[in-house]
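Structure record follows, encoded as structure tokens.
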Amino acid sequence: MHDNLIILAGGASSRMKKPATSKTINSDETAQANNRSKSLISLDNTGRPVLDYLLYNAKKAGYKNIYIVINEKGGLFKEFYGNKERDNDFHGLNISFPIQYIPKEREKPFGTADALLQAVEQFTELNNQFYTVCNSDNLYSTKALKLLRETEHKNAFISYNRDALEFPLERISKFALTKLNEENELINILEKPSENDVPNFYDRDGKLRVSMNIFKFDGKEFYPFLKNCPVHPIRNEKEMQTSLLNYISETNNKVVGIPLSEHVSDLSSKDDIVIVKAYLKKYYSILDWNSI
């Protein structure tokens, strides 16, 4: 069991900046989408960011130390969650802010492995502990977060049943498929699979499992693979999946896929705003922090 959650929030939010295909969001939401990090968009009548909901679930799952990885222009995160670099108190959560710096020769961040690497190098205590790491624009459930916090496996991830995800099929078909062995140990992750790839990825229960980028790692063992992560030849980024696949191929360590069948709310583009608003209204009446 561990208490550390790293939330990756330093990305460029490129898809969110593109025009919506429908006219279902208001001018204020459009302005926020164009100017804020995705997880700081307000989708209820409180004016608070949607990231509050992920933090709320994390606290319910028992996490105590939250590391929100922001970029160099991430000052708005500190306005909402505390202006110190580390140890800000937010409803009993201890929130710190690693910064993902962009190399001088690049215009955009260098990928998820780079974000995690910079976090653990700035907060070196993480390299001697276990931690969970996830995206900031997905609303992972308390159950998913708790499964990773409490699992006895040193390295694990939530292996989602693709059929339970409430997205259009065209969108789901692009999600990363995970190949597991009979013990649910990870063999491969395939980004943007083709139709010809699909038959090779059914698990022992006949289900297709996808990664929604929520993992638990042994910080000490995983660090070298973040440090030495190669650049993806096509996407020109250092990706956490690359570090992970190198980790399992070059060591005897296992990464276990914990099966879970439920939807994961995703805020990637302007068209998601209305959908996520409805999801929050349906499942969250009020965030009662005092009840946790």
Side-chain angles (χ1 to χ4, degrees), residues 1-10 37 39-40 46 48-70 74-100 112 115-158 212-223 226 240 255-256 258 260 262 264-265 280 283-284 286-292:
M1 193 175 297
H2 64 282
D3 296 331
N4 306 312
L5 175 64
I6 303 174
I7 301 174
L8 304 181
S37 295
S39 58
L40 292 185
T46 67
R48 294 290 309 175
V50 68
L51 182 57
D52 278 13
Y53 292 87
L54 177 56
L55 294 174
Y56 182 79
N57 287 351
K59 185 175 181 183
K60 288 180 68 177
Y63 290 89
K64 295 180 175 62
N65 304 315
I66 310 294
Y67 300 83
I68 304 176
V69 185
I70 61 177
L76 189 56
F77 282 93
K78 293 187 176 182
E79 291 185 27
F80 283 116
Y81 298 112
N83 57 19
K84 297 185 295 183
E85 175 186 315
R86 60 168 66 225
D87 301 331
N88 296 278
D89 177 63
F90 180 74
H91 293 292
L93 293 171
N94 183 41
I95 295 184
S96 299
F97 295 106
I99 298 175
Q100 184 181 18
T112 53
L116 183 54
L117 174 66
Q118 293 201 49
V120 300
E121 288 192 333
Q122 292 169 33
F123 293 83
T124 55
E125 67 269 18
L126 290 165
N127 289 322
N128 293 306
Q129 302 177 31
F130 295 98
Y131 55 77
T132 297
V133 57
C134 69
N135 292 343
S136 65
D137 54 344
N138 291 120
L139 181 52
Y140 306 98
S141 69
T142 298
K143 182 177 182 179
L145 290 159
K146 193 171 184 179
L147 282 170
L148 287 180
R149 179 173 176 263
E150 296 184 350
T151 181
E152 295 182 358
H153 298 295
K154 294 170 65 175
N155 305 281
F157 70 102
I158 299 298
M212 297 296 288
N213 296 319
I214 178 168
F215 303 92
K216 173 199 173 181
F217 293 125
D218 180 325
K220 184 175 182 178
E221 293 183 352
F222 195 56
Y223 173 75
L226 291 172
M240 194 156 51
V255 178
V256 174
I258 301 174
L260 188 60
E262 64 180 24
V264 183
S265 183
L280 296 179
Y283 293 105
Y284 297 85
I286 186 172
L287 299 187
D288 184 5
W289 294 94
N290 293 325
S291 69
I292 302 175

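Keep in mind that this is a model prediction, so the values were computed, not measured.
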Looking at [atom1] of [X] and [atom2] of [Y], how far apart are the two atoms once the value is rounded to the nearest 0.5 Å?
| X | Y | atom1 | atom2 | result |
| --- | --- | --- | --- | --- |
| Ile7 | Ile95 | CD1 | CD1 | 7.5 Å |
| Ile158 | Asn213 | CD1 | CG | 12.5 Å |
| His91 | Leu55 | NE2 | CG | 9.5 Å |
| Ile214 | Phe157 | CD1 | CZ | 11.5 Å |
| Tyr131 | His2 | OH | NE2 | 10.0 Å |
| Leu51 | Phe77 | CG | CZ | 6.5 Å |

Tell me every residue that passes salt bridge (Lys or Arg N to Asp or Glu O under 4.0 Å) with [X], counting only those two or more places apart in sequence or in another chain.
| X | value |
| --- | --- |
| Glu85 | none |
| Glu262 | none |
| Glu221 | Lys154 |
| Asp3 | Arg149 |

According to ring-ring contact (aromatic ring centres under 6.0 Å, His included), who are the partners of [X], at least two apart in sequence or on a separate chain?
| X | value |
| --- | --- |
| Phe222 | Phe217, Tyr247 |
| Phe130 | none |
| Tyr283 | Tyr279 |
| Phe97 | none |

| Going by atom types alone, do Asn94 and Tyr63 pair a side-chain donor with an acceptor below 3.5 Å? |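 No, no side-chain donor-acceptor contact under 3.5 Å.
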| field | Donor-acceptor side-chain pairing of Asn65 and Asn4 below 3.5 angstrom | value | yes
How close do [X] and [Y] get, heavy atom to heavy atom, and via which atoms?
| X | Y | answer |
| --- | --- | --- |
| Ala119 | Ile6 | CB-CG2, 4.5 Å |
| Val69 | Ala115 | CG1-O, 4.0 Å |
| Ser96 | Phe123 | CB-CE2, 3.6 Å |
| Leu54 | Cys134 | CD2-SG, 4.2 Å |
| Leu148 | Thr151 | O-CG2, 3.4 Å |
| Glu121 | Tyr223 | OE2-OH, 2.6 Å |

| query | Side-chain contact, heavy-atom cut-off 4.5 Å: Lys216 with Ile258? | reply | no
| query | Side chains of Ile292 and Tyr56: closer than 4.5 Å at any heavy-atom pair? | reply | yes
| said: Tell me every residue that passes side chain to side chain contact (heavy atoms under 4.5 Å, CB included) with Asn57, counting only those two or more places apart in sequence or in another chain. | reply: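 Residues passing side chain to side chain contact (heavy atoms under 4.5 Å, CB included) with Asn57: Leu139, Thr142, Leu145, Tyr284.
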| Asn290: what forms a side chain to side chain contact (heavy atoms under 4.5 Å, CB included) with it, not counting sequence neighbours? | Asp288
| task | Mark yes or no for whether Asp218, through its side chain, and Asn155, through its backbone, hold a donor-acceptor pair below 3.5 Å. | result |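 Absent.
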| said: Check whether Ser37 reaches the backbone of Leu40 with its side chain - one donor and one acceptor, N or O, closer than 3.5 Å. | reply: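 Checked: no pair found.
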| query | Is it the case that more than 12 heavy atoms not belonging to Lys60 sit under 6.0 Å from its NZ atom? | reply | no
| Who are the side-chain hydrogen bond (donor to acceptor under 3.5 Å, both in side chains) partners of Tyr67, not counting sequence neighbours? |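 Partners of Tyr67 by the side-chain hydrogen bond (donor to acceptor under 3.5 Å, both in side chains) criterion, ordered by chain and then number, come out as Glu125.
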| What pairs of residues pass the salt bridge (Lys or Arg N to Asp or Glu O under 4.0 Å) test when at least one of them lies in residues 132-142, not counting sequence neighbours? | Lys38-Asp137
